[in-house]
Undergrad: 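Here it is: the structure, laid out below.
Predicted model only: the values in this text are computed from it and were never measured. A, B, ... follow the sequence lines: proteins, then strands. Residue 1 opens every chain. When reading the values below, keep in mind they use all heavy atoms of this one structure, side chains included, and skip hydrogens, waters and symmetry mates.
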2 protein chains.
Amino acid sequence: MLQISISTVSRALKDHPDIAVQTKIKVKELAELMEYEPNSFAVQLRTNASKLIGVIVPEISGHFYHSYIAGLEEEARSWGYSLMILQSNNHPESELENLRLCRFNRAAGVLIAISSQTSDLTAFYRTIDSGTPVVFFDKVPDVKGVPKVCIADAEAAYLAADLIIKKHKKNVLAIFGEKSLSITRKRLKAFLGTFQRNGPEIKLQIAHAVNSDEAGKNAWSALTGPDKPDTIFSMSDEILVGVIKAANKLKLSIPTDISMISISNGMIPSLFEPEITYIETSGSLLGKKSFDVLHRCLLGKPPQGEVMIGARIIEGGSI
Amino acid sequence: MLQISISTVSRALKDHPDIAVQTKIKVKELAELMEYEPNSFAVQLRTNASKLIGVIVPEISGHFYHSYIAGLEEEARSWGYSLMILQSNNHPESELENLRLCRFNRAAGVLIAISSQTSDLTAFYRTIDSGTPVVFFDKVPDVKGVPKVCIADAEAAYLAADLIIKKHKKNVLAIFGEKSLSITRKRLKAFLGTFQRNGPEIKLQIAHAVNSDEAGKNAWSALTGPDKPDTIFSMSDEILVGVIKAANKLKLSIPTDISMISISNGMIPSLFEPEITYIETSGSLLGKKSFDVLHRCLLGKPPQGEVMIGARIIEGGSI
DNA sequence: TAATTTGTTGCAAAGGTTTGCGAAAATGTT
DNA sequence: AACATTTTCGCAAACCTTTGCAACAAATTA
C-alpha cells in the first residue's frame, strides 16, 4: 500500500537507523490503522527465541507456590515475558515430562522446584547445554555450579529461635517437617544451634510431623503431658494449622496459655485471632528474585550461583 | 542420512498411510536416536495453530483462583495444552493488555474472569471473530450468546439457607459482599427467597462487608448487641475469616455459643477447629469444566451457552 | 502386451518475518 | 563536473515444517 518493500516495513517498525524518519512515521501510522500485529510464530521461527518461561512447581495449590507464581508473573510481565505453568505433583517422571514440554514449546528459560525424590539431574544439564537456562528455586538440588534461588532457611530458623529466647520462654516445643527434607535439616540445625549458643538453659522438645494432623497430635500430647510447654514453634503453615487446632480443642488461649510462632508466607498466620507471629519467607519475593536470576542468564550475564531471599519477623500477638 | 526426502520423514513421523511400514520404522528409530524434536515454531507457523491457552484471572493469589488454575492445568495437560497465566488485578486496561498478549502469543483460546468494572466487551468479540474462542468463567458478563461457565451461586446460597432452616436456627446474621457485585446479588436473592418460602418465622439480619475487617466489625456488633444471633452465614472466605476472628475475640466457642456456615472453596474452613460447615464451590472443578467448554469450541463443536458447576454441602462441626 | 490400479516417494510452494549485502539516490567535497 | 560519502531502501536467502500434486515403480487386470 505504501509502495514499500517488506524489509523496509520490518525495519521501520523496529526503528532501524537505516530508515528515513518520515518513512517510519508513515509505516507506523498505517500499521496502527490496520491493527497490524507481527505473527509471533514467524518471528519466533526466524529469531529462534520465545518470550515464554516454563515454570515447574510440585503443586500449584499450596499457599507458598501460588504467591510465588503471582510475584513471578508480575516481574516477568514487566519484561515482556509470559509464564507457562506446569505442575509435577512431586513425581520425578512428571518433572521430566514437563521439561520436555518446555523444550517442545521452546521456552526461553525454565524455573523449577524439584521434588524431594529427584536425584538424577542429567536431563536438566542437557537442557542447559542445549542453550535453555534452567534456574532452580525453593527446592534446589545439592550441587554446585547451577543457578539457584531459595529461602534463607537457616536465617529464618535463627530469627524464630532468637525471638523465643528474647521473650524469655522457658519450655519450647518445636515441630518440624519430614526429617529427610533438606529444608527441615537446615532449619532444625540453625534452630538448635541458636538455642545452644544463646539459650542453653531453655528446655527444648523437638518433634517431626509429616502432615497437619500429626502435628496436631504432637501438640496435643505435649500440651496434655506432664511437662507442658509455654511456646510452640511450627516450621510451616501446615504444621501451624494442626497445632492451632489442638490448642483450640483444649480451649487454650493464645498467648496467655500458650505462645505460638511459626515460619510462613504470611497468609495463614493472619487468619487467626490473635494473628500469629511469624518469620516471613516471602513467596512473591522469591518469584521476583528468581525471574531476575533467570533474566540475567537469558542476557548472557555471568551466573550468580546461589541467591538467598532474606527473612524477617512479622509480629502478630501470639508470643 | 537415510537417503530420503524431508517430506517422507515428515509423513513417516506422523504415521501417514502413504509411507511404507519399513520406511516409517527406520525413520522413527533414527529420530529417537537423534532425539529429534520438531521445531514447534515452524509447526505453528505452518499450521497456524498453537497448543497454548491464555488464562486471565483478576489475581493469582486468592484461594479460589489458584485451585481453579490447578484444576485447569491438569485437564489441559491431559489434552496436550499448556497454560499461559496472566493476572489483570481487576483493571479493565490490564485485561485488554492481557488479551493483546494472548493474541500476540497466538493462544489457541482464551479463558477469562472479567473484572467487575468491565463493561465494554467489544475487544472480546473481536478476538472471537478473529477465530480465537473466548470462554468466560466465574465472573461472567451479563450477555447472551457467549460461552460461560460459572458457579451455581443461587444453588449454593439456597443450600446454605436450607441447612440453616433444617437445623432450626432462630436468629441468623448473614454477611454478604459488595452490593454491586453480581455474585452478591445472586446469592442474596436466593438466600432471602429460601427463607421467605421455607422459614418465614426465622429472624434474619443482613449485612454487607467489603473486606475481612468490616465483616469482623459487623459480626462483633451483632454479637455484642441486644439481639445476638445464634448463627452467622458468611458469603465468602474473606468474610468468614473476619467473622471467626470476631468470635474468637469474644471467646465464643463454635458451635455452642455461635453456629457458623459459609460458602467456600474448602481450604479456609478446614483450618479451624471445629472445621466450618460450608457449601462447596469447587475451583478445580470449575477449572476442569471450563477447559472442556473451551475444548469443544476449539474442536468447532456447537457452543454450550452457560454451564453451571453444582454446589454441595460439606459438613464440618460448626453448625 | 497394453492399460489400469495401487503403493511409495519427492518436488516445490507456502507460511511471515529478519537481515546481510548490494544498489540506487541524495548529499557533500574537491 | 567528477568523485567520494552518506542515506535510504530492496533483493533474496534463511528459519523448519506441512501438504497438494506429480512421478515413478510395482502389481493387477483386461
Side-chain angles (χ1 to χ4, degrees), chain A residues 1-52 80-82 100-108 130-132 298-300, chain B residues 1-52 80-82 100-108 127 130-132 298 300:
Chain A
M1 291 177 64
L2 255 33
Q3 311 288 14
I4 263 180
S5 84
I6 295 176
S7 27
T8 307
V9 174
S10 172
R11 281 189 260 251
L13 250 19
K14 48 174 64 70
D15 272 334
H16 191 288
D18 268 11
I19 305 297
V21 195
Q22 60 265 47
T23 316
K24 285 185 192 172
I25 295 177
K26 273 193 288 184
V27 169
K28 286 180 181 174
E29 277 180 353
L30 188 57
E32 181 77 20
L33 196 70
M34 300 177 65
E35 299 185 342
Y36 167 82
E37 285 204 29
N39 181 324
S40 69
F41 296 158
V43 175
Q44 291 176 136
L45 173 60
R46 183 60 234 251
T47 61
N48 199 30
S50 78
K51 285 286 214 173
L52 198 61
Y81 286 84
S82 304
R100 218 187 55 73
L101 268 172
C102 289
R103 277 210 311 275
F104 176 77
N105 283 57
R106 290 290 204 279
S130 76
T132 308
L298 291 173
L299 296 177
Chain B
M1 292 176 65
L2 256 31
Q3 310 288 14
I4 263 179
S5 83
I6 296 176
S7 26
T8 307
V9 174
S10 172
R11 280 189 261 252
L13 250 20
K14 50 173 64 68
D15 272 335
H16 193 286
D18 270 11
I19 306 296
V21 195
Q22 61 265 45
T23 316
K24 284 185 192 172
I25 295 176
K26 274 192 289 186
V27 170
K28 284 180 182 174
E29 277 178 352
L30 188 59
E32 181 77 19
L33 195 71
M34 301 177 64
E35 298 184 342
Y36 167 81
E37 284 203 30
N39 182 323
S40 69
F41 297 159
V43 175
Q44 291 175 135
L45 174 59
R46 184 61 235 254
T47 62
N48 199 29
S50 79
K51 285 285 216 174
L52 197 62
Y81 286 85
S82 304
R100 217 187 56 74
L101 268 173
C102 289
R103 278 209 310 275
F104 177 77
N105 282 56
R106 289 293 204 277
T127 307
S130 76
T132 307
L298 291 173

Undergrad: Which nucleotide sits closest to the side chain of B:A42: C:dC11, C:dT17, D:dT17?
TA: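 Of the options given, the side chain of B:A42 lies nearest D:dT17.
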Undergrad: Is any side-chain N of the basic residue among B:D18 and B:K24 closer than 4.0 Å to the acidic one's carboxylate O?
TA: no
Undergrad: Rounded to the Å, how far apart are A:E37 CD and C:dG16 P?
TA: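 From A:E37 CD to C:dG16 P: 14 Å.
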Undergrad: Will you find, in the side chains of A:S5 and A:T8, an N or O donor that is under 3.5 Å from an N or O acceptor?
TA: yes
Undergrad: Using whole Å, report how far CD of A:Q3 lies from C1' of D:dT8.
TA: 17 Å
Undergrad: Looking only at side-chain atoms of A:N39, point me to the closest of C:dG16, D:dG10, C:dC11.
TA: C:dG16
Undergrad: Side chain of B:L45, heavy atoms from C-beta onward: which of C:dG10, C:dT17, C:dG16 has the nearest atom to it?
TA: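 Selected nucleotide (nearest to the side chain): C:dG16.
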Undergrad: In whole Å, what is the span from the CG atom of A:N48 to the P atom of D:dC16?
TA: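 Nearest whole value for this atom pair: 7 Å.
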Undergrad: Could you tell me the separation between the CD atom of B:Q44 and the P atom of C:dT17, rounded to a whole number of Å?
TA: 15 Å
Undergrad: Between A:Q22 (CD) and D:dT8 (C1'), how many Å, whole number?
TA: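 Distance check: A:Q22 CD to D:dT8 C1' gives 10 Å.
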Undergrad: To check you understand the geometry: which heavy-atom pair defines the closest contact between B:F104 and A:P38, and what is its length?
TA: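 Reported closest heavy-atom pair: CE1-CG, 4.2 Å.
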Undergrad: May I ask you to list the residues of residues 8-20 of chain A, by number, that have any heavy atom positioned under 4.0 Å from an atom of DNA chain D?
TA: A:T8, A:R11, A:D18, A:I19, A:A20
Undergrad: When only distance counts, do a donor and an acceptor, one from the side chain of B:S7 and one from the base of C:dC11, lie under 3.5 Å apart?
TA: yes
Undergrad: CD1 of A:I6 versus C1' of D:dT8: gap in Å, rounded?
TA: 18 Å
